*Asks:* 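Could you have a look at this structure, given as structure tokens, before my questions?
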Amino acid sequence: MTRTRIPVLPRGVRLHFDKVRGKNVLLAPERALFLDDIGHAILSEVDGQRSVAQIARHLAAVYNAPEDAIAGDITEFIDDLADKRVIGFTDA
Amino acid sequence: MTWNKPKAVEIA
């Protein structure tokens with residue numbers, strides 16, 4: 001995936017906070033994934049408007065971390081979620 | 001806040 005692609009949560013996929021376990025969850029039809037704080041921070045920025053590069057730039061400022069390293073981590077994370085079909089792209 | 005590699009763990 002290139003960093004210019006714009007990720008989007010498909011219909012029926014949403015973020016949820018499981019109050020019982022105190023964990024963030026990505027809910028999708030027939031499956032669910034626990035998210036750590038960073039995973040939740042990334043998916044909270046997915047709005048179907050901004051590219052991976054734009055999200056990385058924003059989070060690099062928030063976390064005061066190197067943008068290139070963050071962009072690489074986000075790309076890998078979103079690729080993994082795309083393989084699981086719980087995230088899509090506006091141009092696909 | 002510190003950046004770490006993000007994780008998503010599938011729920012059984």
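Values in this document were obtained by computation on a predicted structure and should not be read as measured data. In the text below, chain A, chain B and the rest are named by the order of the sequence lines, each starting its count at 1.
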*Asks:* Where the side chain of A/Gln54 meets the backbone of A/Ser51, is there a donor-acceptor pair that is under 3.5 Å apart?
*Replies:*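 Pair found, side chain donor or acceptor close to backbone of A/Ser51.
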*Asks:* Decide, yes or no, whether a salt bridge links A/Asp18 with A/Lys23 under the criterion of side-chain N to carboxylate O below 4.0 Å.
*Replies:*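 Between A/Lys23 and A/Asp18 there is no salt bridge, as every charged N stays at least 4.0 Å from the carboxylate O atoms.
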*Asks:* Sort A/Val86 into side chain, backbone, both or neither according to what part of it lies under 4.5 angstrom from a heavy atom of chain B.
*Replies:* neither
*Asks:* With a 3.5 Å distance limit and no angle check, can you tell me whether A/Asn24 reaches the backbone of A/Leu35 through a side-chain donor-acceptor pair?
*Replies:*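 Checking the backbone N and O of A/Leu35 against the side chain of A/Asn24, no donor-acceptor pair under 3.5 Å is found.
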*Asks:* Nearest 0.5 Å, what's the CD1-CZ distance between A/Ile6 and A/Arg50?
*Replies:* 10.5 Å
*Asks:* CD1 of A/Ile87 to CG of A/Leu81: how many Å apart, nearest 0.5 Å?
*Replies:*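 It is 5.5 Å, given to the nearest 0.5 Å.
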*Asks:* Within this structure, what is the CG-CG distance for the pair B/Asn4 and A/Asp37, rounded to the nearest 0.5 Å?
*Replies:*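 One gets 9.0 Å once the value is rounded to the nearest 0.5 Å.
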*Asks:* Can you list every ring pair (Phe, Tyr, Trp, His ring centres under 6.0 Å) pair that touches residues 9-53 of chain A, not counting sequence neighbours?
*Replies:* none
*Asks:* Can you tell which part of A/Leu26 gets under 4.5 Å to a heavy atom of chain B, answering side chain, backbone, both or neither?
*Replies:*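 Contact with chain B is absent: no heavy atom of A/Leu26 under 4.5 Å.
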*Asks:* Pull out the residues in residues 56-70 of chain A that come under 4.5 Å of chain B, heavy atom to heavy atom, sorted by number.
*Replies:*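 If one takes a 4.5 Å heavy-atom cut-off, the residues of residues 56-70 of chain A near chain B are A/Leu59, A/Val62, A/Tyr63, A/Ala65, A/Ile70.
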